[in-house]
There are 2 protein chains.
Amino acid sequence: MKIALAQINYITGDITGNVSRIISEIEHCKQQGADLVVFAELAVSGYPALDMFEYPHFIEACDRAVEKIAAACRGIAAIIGAPVRNLEPRGKKLYNAACFLENGEVASVHHKLLLPDYDVFDEYRYFEPADKLHILHYQGKKIALTICEDMWEVGEPTLYDNQPLEILCRENPDFIINIAASPFNIHQAEFRKAVIRKNAARYALPIYYVNQVGAHTDIIFDGGSMYADREGNIIHELSYFQEETRLIDPAQTILQPRTDYIERIEQALVLGLKDYFGKMGFKKALIGLSGGIDSAVTAVLACKALGAGNVTGVLMPSPYSSGHSVKDAEDLVANLGCNSWKLPIEQPFNAFLQTLEEPFKGLDSGLAEENLQARIRGTLLMALSNKLGGILLNTTNKSEAAVGYGTLYGDMCGGIAVLGDVYKTDVFKLARHLNRDGELIPENTIVKPPSAELRPNQKDSDSLPEYEVLDPILKLHIEGREGKTAIVAEGYPEATVDKVLRLVHINEYKRFQAPPILRMTSKAFGSGRKMPLVAKYS
Amino acid sequence: MKIALAQINYITGDITGNVSRIISEIEHCKQQGADLVVFAELAVSGYPALDMFEYPHFIEACDRAVEKIAAACRGIAAIIGAPVRNLEPRGKKLYNAACFLENGEVASVHHKLLLPDYDVFDEYRYFEPADKLHILHYQGKKIALTICEDMWEVGEPTLYDNQPLEILCRENPDFIINIAASPFNIHQAEFRKAVIRKNAARYALPIYYVNQVGAHTDIIFDGGSMYADREGNIIHELSYFQEETRLIDPAQTILQPRTDYIERIEQALVLGLKDYFGKMGFKKALIGLSGGIDSAVTAVLACKALGAGNVTGVLMPSPYSSGHSVKDAEDLVANLGCNSWKLPIEQPFNAFLQTLEEPFKGLDSGLAEENLQARIRGTLLMALSNKLGGILLNTTNKSEAAVGYGTLYGDMCGGIAVLGDVYKTDVFKLARHLNRDGELIPENTIVKPPSAELRPNQKDSDSLPEYEVLDPILKLHIEGREGKTAIVAEGYPEATVDKVLRLVHINEYKRFQAPPILRMTSKAFGSGRKMPLVAKYS
């Protein structure tokens, strides 16, 4: 049996578009002589359709889509992920299903049993777990067809009471197919390969694995579909961060080059930006350029994703901006060849101070004046966006977002946060990486001490621990779910840990109103991390 | 057996505070001669602790808290809701549990079986469903002890495969206890009473039902704990929107007066504001006063919740503000006796236009200039907040939020959105209701046509259908999950429906960055409604 893996970039909710993309891929695979083409989980609807799954007319459209794709399956079969109705009066109204399409019709439907409900996943909100699992029969072969998480849990401890592969493998299948929507984080590809290897070896069966590729707001699917033999060797590995359809020849080995995590971050962010703009039908981006490293890295990534001609950097110097900041930003613009505006904020700043003269009378200058500058910049950028039509990119990094070192409605503005899941220490590494073929980001931007430049001679380190100390503490707390005692036990000073955790807690309210963040780690701020606002943290 | 129902206002995450509140209530009930005092679901942690449940040190603190409360149970028993560990290597790490405390120790633990995962609920993210249910034995009685949702599903269709009460009632209990955290919406109290009546009559057993009271950011528990006899008559009904502990005497009937839904909205919003400020330790609120009805209603509610001395209204007239707007806002301030500032925005507006002269050259005035005014106002309000210390209240209503009739980082600023789940037509009713004992909101504010006053002679109805048409369409779509065809079938013009649904879809991105919204309906914008941003809606 010749099996093709179709790793496609779907658009959430664009059922018509997804269906025609899928059908053209089926035709293409048929011409190549495939007997079966396998698409990813929830391919028809797009994976993160969220509460669109609650709308009856959306589900009707998915029903019709599956029938239409089935009609295209003549002389070839296909497996496709789709939401499918539960017609019983008990349980959630939908299943997360794999539909087997053959001879122009839906020949069998296979439901997902293990529904992830952690981090960015919330499948139990929409789907009923499978009540039974059954083997797929095709061309005399028995296939253990599973959906993502159903193959994910191996051994104990486990979040679930069942192991679907164990159940299916009692019927001695010839091989395993898993259709997935497994989102990127910097360690996920290796983790995923380990799971495939372990399962193939455990059940002594080959595994065909198809992932989605493409970004959906914050969540990025990185592809890397694969085929493993019954010894657990990965023989085929499809591309990362791009579409690919491949007819699997078990005799041939085609793998992908290994990459460094900083390289993966670059690739993921570029795809994240490309799809954010492409799938919304936008072309142009705006970025406030401070001369600092976060906005410089964001600008380079935007130019890579959208083309320099579609990127506009906006310099908005204040009386507190150092001369080198303006020069660094101007050098960056020159290096990138992007568009730019220079709009000094002194005039609106003075106008605001005059307007606020009476309420501010007799009070010292401080945070209010600093935030005012940031909000004037946010307002200028949004005015340009409204007038000229670009989408504002947010340049906040994860370290800043964590400790609330940013101004709500100021530098926290934007349609999408590019670096919001990249720690500051990694932003520096990313900057070096982006300069690998020659200087794009001015050297001075990389080497100068980070500063918000909202008051004379301000440095980030006036308010925060050095990033080399801050970032590991944040990582232990955010990704590692460690509390104070455990972090101090790792050797960090108690006073610093106290301060950092306090800052994380009291700034939940700011992150609540932040733009969506491109997800790079196993725990990004945003939909995968839900924290109460009105609460006491002990 | 004398049973007391303790309807308490907990603080999420404040385990120490919750425990001492609970213990003092146990002491108090013991003095009154109670044999058993019943507290609500997840009383120890607060209900919406969200991902705090993933932190081991948080769970350890909950463990110790339950032991401490148990130690206080001598000569009286207590039932208390708490997260309790699952020690098996399979399944989620916690149970949502009811702990029965007697003779100084945890005598038995009862797990919740049905874990709601819809709207604002996501319990399956943290909790393993009960693997078995068991009867509680106390003073020779058999008690069917259940947790919230476990008693909620009666008959079919149902979201679940089991009916816990049916299982427990096979063992012939003497009565039912249900501990709950059932959030307010305008119809929930009646719905809740119907469920209690139906269950009591169905199993021919009395029911003791304890709800939480109090607001946790967006979610408001309204109390209304109760006791129903075995015929399904509600005999005792505790207060709404306030704490109450009552020793239940089945021979005596004490019910609450029936209220209109507009009155319930007022009570819920006042409690929502009171707890948002009180639980965060804030006292003062800021509100931008436009002379319009939304800001006027918000200001009245804030004065009721916080006292007029803690409320500051800020008038920020522009060249497009009508004379009557300023007068209406001034009349409101005078009626309420709150503080106020008047800060005209003309100076910063002109400064921005001068700063933007080059990029705006040759382009018509329009949306950018309108949003600029809104963002100047947002910036002024945040500057006052930073300098003088009040929390900005957002005044956006649900109709505006739905169709995106508001400026991100402008009038969409604020710590909490007071009216974000109140449709404009209900804002008018609420205004009349708030004026019931004399004019607080100036009559002119209520009767004049709604306008954003961002350009000369602007009216809301220039851009939107009349609210009497808009609101029912929104309600069918948002609360009712209806699509275009179904809404048109209700008699609304196709072109209007198309336009409204399109506006709802293209403005998901704005709502993503909106402040939390006090939840009034069965489907509020915010954590209970998850919609993709990068998506196509058909």
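Below, chains carry the letters A, B, ... as their sequence lines are ordered, and counting in each starts from 1. No experiment lies behind these values; they were computed from the predicted model shown.
Of the residues considered (B:Ala351, B:Ala486, B:Pro348), B:Pro348 shows the highest number of contacts with chain A, using heavy-atom pairs under 4.5 Å. Ranked by heavy-atom pairs under 4.5 Å with chain B, the list A:Thr407, A:Ile345, A:Asn86, A:Asp161 is led by A:Asp161. For the options B:Glu482, B:Lys93, B:His216, heavy-atom pairs under 4.5 Å to chain A are most numerous at B:Glu482. If you tally non-hydrogen atom pairs under 4.5 Å between each of B:Ile376, B:Ile11, B:Leu408, B:Thr485 and chain A, the highest count goes to B:Ile376. Ranked by non-hydrogen atom pairs under 4.5 Å with chain B, the options A:Glu128, A:Arg375, A:Lys279 are led by A:Arg375. Interface remark: of the candidates A:Pro344, A:Gly414, A:Pro116, A:Gly378, A:Gly414 forms the most heavy-atom pairs closer than 4.5 Å to chain B. Chain A forms more heavy-atom pairs under 4.5 Å with one residue of B:Leu388, B:Leu380, B:Leu384 than with any other, namely B:Leu380. Chain B forms the most heavy-atom pairs under 4.5 Å with one residue out of A:Met316, A:His477, A:Glu88, and that residue is A:His477. Contact count versus chain A (heavy atoms, under 4.5 Å) is highest, among B:Gly483, B:Gly91, B:Ala535, for B:Gly91. With chain A as partner, the option from B:Asn371, B:Asn350, B:Asp218 having the largest number of non-hydrogen pairs under 4.5 angstrom is B:Asn371. Contact count versus chain B (heavy atoms, under 4.5 Å) is highest, among A:Leu159, A:Ile219, A:Ile506, A:Leu115, for A:Leu159. Among the candidates A:Glu54, A:Glu156, A:Lys530, the residue making the largest number of heavy-atom pairs closer than 4.5 Å to chain B is A:Lys530.
With a 4.5 angstrom heavy-atom cutoff, A:Pro515 touches chain B via backbone and side-chain atoms both. The part of B:Phe121 that comes within reach of chain A is its backbone (N, CA, C, O), which places non-hydrogen atoms under 4.5 angstrom from that chain. For B:Asp275, the part lying near chain A is the backbone, with the side chain staying farther off; criterion is any non-hydrogen pair under 4.5 Å. Interface remark: B:Gln163 contributes side-chain atoms only to the contact with chain A (heavy atom separation under 4.5 Å). Only the side chain of B:Lys523 comes within contact range of chain A, judged by heavy atoms closer than 4.5 Å.
Distance check: A:Tyr537 OH to B:Phe58 CZ gives 9.5 Å after rounding to the nearest 0.5 Å. Between B:Thr217 atom OG1 and A:Tyr509 atom OH the span is 14.0 Å, to the nearest 0.5 Å. The CD atom of A:Gln513 sits 10.0 Å away from atom OH of B:Tyr409, with the distance rounded to the nearest 0.5 Å. Expressed to the nearest 0.5 Å, how far CG of A:Asn386 lies from CG of B:Leu372 amounts to 9.0 Å.
Between the side chains of B:Arg90 and A:Asn162, no donor N or O sits under 3.5 Å from an acceptor N or O. If you check the side chains of A:Gln347 and B:Gln354, you find a donor sitting under 3.5 Å from an acceptor.
By the 4.5 Å heavy-atom criterion applied to side chains, A:Val534 and B:Met280 are counted as neighbours. By the 4.5 Å heavy-atom criterion applied to side chains, B:Leu533 and A:Pro516 are counted as neighbours.
Between B:Phe352 and A:Phe352, the ring-plane angle classifies as perpendicular under the 30° and 60° cut-offs.
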Can you list the steps and then say if A:Met531 with B:Leu50 is a side-chain contact (heavy atoms from CB on, under 4.5 Å)?
-> CA-CA 6 Å; A:Met531 283 289 176; B:Leu50 302 175; 5.7 Å; no

Working for side-chain contact (heavy atoms from CB on, under 4.5 Å), residues A:Lys484 and B:His57 = CA-CA 9 Å; A:Lys484 177 186 161 181; B:His57 60 278; over 6 Å; no

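Among residues two or more places apart in sequence or in another chain, the side-chain hydrogen bond (donor to acceptor under 3.5 Å, both in side chains) test is passed with B:Arg64 by none.
Although no hydrogens or angles enter the test, the distance criterion places a donor-acceptor pair under 3.5 Å between the side chain of B:Arg125 and the main chain of A:Asp119. With B:Tyr124 contributing its side chain and A:Glu123 its backbone, the two residues share no donor-acceptor pair below 3.5 Å. Looking only at distances, no side-chain donor or acceptor of A:Thr355 sits under 3.5 Å from a matching main-chain atom of B:Leu343. No donor-acceptor pair closer than 3.5 Å links the side chain of B:Asp14 to the backbone N or O of A:Lys536.
Contact detail for B:Ala49 and A:Pro532: the closest heavy-atom pair is O-CD, 3.5 Å.
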Going by atom type alone, with no hydrogens or angles, which donor-acceptor pairs under 3.5 Å involve a side-chain atom of residues 357-369 of chain A and a protein atom two or more places apart or on another chain?
from, atom 1, to, atom 2, distance (Å)
A:Glu369, OE1, A:Gly366, N, 2.7
A:Glu369, OE1, B:Lys387, NZ, 2.9
A:Glu369, OE2, B:Lys387, NZ, 2.8

